[in-house]
Amino acid sequence: MAGRFAPRPTRATVRGGQVVVPAGMPRQAAAPGRVRLWKPGGPLDLGLVLGPLRRGPGDPTFRATRDGSVWRASLTPAGPGTLRVAGYGGEVRGEAWGPGAEWLLEMLPEMLGSADDPSAFVPRHRVVAAARHRRPGLRLTRTGLVLESLIPSVLEQKVTTDEAYRAWRLLVRRFGERAPGPAGVGERPMWVMPAPRTWALVPSWEWHKAGVDDKRASTILRAVRVAARLEQAVGMTAEAAQARLEVVPGVGPWTSAETVQRSHGAADAVTVGDLHLPGIVGWALAGDRHADDEVMLRLLEPYAGQRHRAARLILLSGHTPARRAPRMPRGDIGRL
């Protein structure tokens with residue numbers, strides 16, 4: 001029976017942005033959308049490229065289906081849209097629905113890493129080289145959408161991933177709208193995240209019910225009030241975009257890095273201030289499970305310009321120290 005089932009991903013590989021995309025199967029008929037075909041210039045793994053955009057297995061804006069497709073529901077500058085992406089014989093087929101369909105199809109190549117240059121990365125450690133060899137299809141996505149990555153990143157501040165994923169799921173389903181096209185119907189419809197004005201009108205008790213404390217809720221409310229200015233950061237360099245994001249009180253280096261990694265495809269935006277990442281990088285590169293941010297940044301110096309890619313490969317390698325302490329306790333202020 002060996003090999004019948006895919007290995008269960010570890011916490012590290014999930015954080016590295018790995019999503020299992022099932023092998024292709026015949027697709028059920030659906031209302032046709034607008035279509036774009038694109039041929040990548042090299043190996044492309046949809047699960048690795050788009051995996052960082054999924055916020056937990058129950059994310060209502062993201063789905064990997066049995067026919068080998070990845071679905072995304074997004075709030076674009078042109079309005080809500082749904083995108084289905086699938087690979088066939090070295091070619092990618094994108095199909096989109098809704099007012100944002102044209103925008104999503106225009107962004108399809110960048111979303112799949114066309115602006116990324118994997119050849120610029122030179123492994124300096126054996127564990128990194130091995131991880132890169134096993135995953136030639138890894139490219140860094142660039143969504144061109146800031147708020148879409150900023151809000152869930154704020155929700156993930158200083159809480160367990162389970163708490164953050166639950167809050168994102170509840171708030172999107174409660175205040176978002178159904179995804180356009182076939183993804184928005186059926187027993188498990190997909191949802192588009194709320195517009196900035198809708199986020200601003202979420203009552204305080206709804207944040208509480210979703211388990212979001214006042215500090216994170218206030219940060220999101222401050223961000224959506226200047227949503228237009230934040231979205232303009234897409235046209236900036238990743239460093240300038242981080243600086244603009246960090247002007248919002250409550251958005252620090254951790255949150256800004258997590259955002260531009262997705263919105264800009266920032267290859268060098270390493271996440272600092274993380275509870276686990278320094279120890280994982282320290283263990284993989286130097287056998288130091290107690291490494292802090294300073295040590296992590298020193299170890300990643302040989303990858304200057306590509307530090308985020310190096311960190312992702314380390315996470316995907318599964319080369320992590322054994323757990324020696326209890327898990328971070330999960331809280332739920334919604335029960336109080």
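What you are looking at is a predicted structure, and each value in this text was computed from that prediction instead of being measured.
Partners of E102 under the salt bridge (charged side-chain N to carboxylate O under 4.0 Å, His left out) rule, at least two apart in sequence or in another chain, are R34. Remark: W283 engages R289, H319, P321 in a side chain to side chain contact (heavy atoms under 4.5 Å, CB included) (not counting sequence neighbours). Take R178 and apply the side chain to side chain contact (heavy atoms under 4.5 Å, CB included) test, not counting sequence neighbours, and it matches P189, W191. Evaluation of the side chain to side chain contact (heavy atoms under 4.5 Å, CB included) rule for P152 yields R55, W168 as partners, not counting sequence neighbours.
Here ring pair (Phe, Tyr, Trp, His ring centres under 6.0 Å) pairs that include residues 102-123, with residues two or more places apart or in two chains, are F121-Y303.
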Discussion item. Go through it in stages, so that I can follow the logic: the residues are R135 and D45, the test is side chain to side chain contact (heavy atoms under 4.5 Å, CB included), and I'd like the CA-CA distance, side-chain angles, deciding distance and then a yes or no.
Written reply: CA-CA 8 Å; R135 293 174 172 82; D45 186 322; 6.0 Å; no
Worksheet item: When you look at D213 and K158, which way does the salt bridge (charged side-chain N to carboxylate O under 4.0 Å, His left out) test go after all the steps?
Response: CA-CA 11 Å; D213 57 70; K158 300 185 183 301; over 6 Å; no
Practice prompt. Could you check H308 against D268 for side chain to side chain contact (heavy atoms under 4.5 Å, CB included), going step by step and ending with a plain yes or no?
Written response: CA-CA 5 Å; H308 168 51; D268 197 48; 6.0 Å; no
Item to complete: Test side chain to side chain contact (heavy atoms under 4.5 Å, CB included) on S263 and T143 and set out the steps.
Response: CA-CA 5 Å; S263 61; T143 65; 4.2 Å; yes
Worksheet item: Does the pair I151 and V224 meet the rule for a side chain to side chain contact (heavy atoms under 4.5 Å, CB included), with working shown?
Response: CA-CA 9 Å; I151 291 176; V224 297; 4.2 Å; yes
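Side-chain atoms of T61 and L53, non-hydrogen and from C-beta on, never get closer than 4.5 Å to each other. S153 has its side chain out of reach of V251: every pair of non-hydrogen atoms, C-beta onward, lies at least 4.5 Å apart. Using a 4.5 Å heavy-atom threshold, the side chains of P253 and E246 count as touching. When side chains are defined from C-beta on, L245 counts as touching V260, because their heavy atoms get closer than 4.5 Å. With a 4.5 Å cut-off on side-chain heavy atoms, V159 and R216 count as touching. Counting heavy atoms from C-beta outward, I220 and L155 have side chains that approach closer than 4.5 Å. Residues M296 and V272 form a side-chain contact, since some pair of their non-hydrogen atoms from C-beta on lies under 4.5 Å apart. Between L297 and R307 the shortest side-chain heavy-atom distance falls below 4.5 Å.
Rounding to the nearest 0.5 angstrom, the gap separating the CD atom in Q157 from the CD atom in E163 is 13.0 Å. Taken to the nearest 0.5 Å, the NZ atom of K209 stands 4.0 Å off from the CD atom of E206. Rounding to the nearest 0.5 Å places CZ of R134 at 9.5 Å from CG of L313. Taking NE2 of H125 as the start and CG of L300 as the end, the distance is 8.5 Å to the nearest 0.5 Å. Distance CD1/I280 to CG/L315: 5.5 Å, rounded to 0.5 Å. The CE atom of M190 lies 10.5 Å from the CZ atom of R173; values are rounded to the nearest 0.5 Å.
Residues L316 and V122 are members of separate hydrophobic clusters, defined by side-chain heavy-atom contacts under 4.5 angstrom among Ile, Leu, Val, Met, Phe, Trp and Tyr. Taken together through direct or relayed side-chain contacts under 4.5 Å among Ile, Leu, Val, Met, Phe, Trp and Tyr, V212 and L170 form parts of separate hydrophobic clusters. Under a hydrophobic-cluster definition in which Ile, Leu, Val, Met, Phe, Trp and Tyr are linked whenever side-chain heavy atoms come within less than 4.5 Å, directly or via other members, M193 and L201 are assigned to different clusters. No chain of hydrophobic side-chain contacts below 4.5 Å, direct or via other Ile, Leu, Val, Met, Phe, Trp or Tyr residues, connects L140 to V281. Taken together through direct or relayed side-chain contacts under 4.5 Å among Ile, Leu, Val, Met, Phe, Trp and Tyr, L221 and W199 form part of one hydrophobic cluster.
When only modelled atom types and interatomic distance are considered, E95 and S69 share no side-chain donor-acceptor pair under 3.5 Å. With 3.5 Å as the limit, one finds no donor-acceptor pair spanning the side chains of D162 and T160.
Screening H264, E110, Q261 against R142 for a side chain to side chain donor-acceptor pair (under 3.5 Å) leaves a single residue, E110. Screening T259, T271, D274 for a side chain to side chain donor-acceptor pair (under 3.5 Å) involving W254 leaves a single residue, D274. Only one option out of L105, V85, L112 pairs with W38 in a side chain to side chain contact (heavy atoms under 4.5 Å, CB included); it is L112.
Of all heavy-atom pairs spanning E148 and S74, the tightest one is OE2-OG, 3.0 Å. Across all non-hydrogen atoms, the minimal contact from L171 to P194 is O-CG, 4.3 Å. Of all non-hydrogen atoms in P278 and D293, the two that sit nearest each other are CG-OD1, 3.2 Å. Nearest approach of V270 to A257, heavy atoms of both residues: O-CB, 3.8 Å. Of all the heavy atoms in R262 and P52, the pair that sits closest is NE-O, 2.8 Å. Here the closest heavy-atom approach between residue G113 and residue V49 is recorded as N-CG1, 4.4 Å.
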Considering only distance and modelled atom types, tabulate donor-acceptor pairs under 3.5 Å from the side chains of residues 228-244, sequence neighbours left out.
| residue | atom | partner | partner atom | Å |
| --- | --- | --- | --- | --- |
| R229 | NH1 | Q232 | OE1 | 3.4 |
| E231 | OE1 | V146 | N | 2.9 |
| E231 | OE2 | L147 | N | 3.0 |
| T237 | OG1 | A240 | N | 3.2 |
| Q242 | NE2 | S256 | OG | 2.8 |
| R244 | NH1 | R229 | O | 2.9 |

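Around CZ of R126, the count of heavy atoms belonging to other residues, nucleotides or ligands within 6.0 Å does not exceed 12. Within 6.0 Å of CD on E106 lie no more than 12 heavy atoms contributed by other residues, nucleotides or ligands.
A donor-acceptor contact shorter than 3.5 Å links the side chain of R132 to the backbone of P118. A donor-acceptor pair is defined here as one N or O able to donate and one able to accept, closer than 3.5 Å; no such pair exists between the side chain of R54 and the backbone of L50. In this structure, T141 contributes its side chain and M111 its backbone to a donor-acceptor pair below 3.5 Å. Without hydrogens or angle criteria, T82 side chain to P180 main chain gives a donor-acceptor distance under 3.5 Å. Judged by distance alone, the side chain of R222 and the main-chain N or O of P249 form a donor-acceptor pair under 3.5 Å. Side chain of D288 to main chain of G282: no donor-acceptor pair is present (N/O by atom type, distance under 3.5 Å, no hydrogens or angles).
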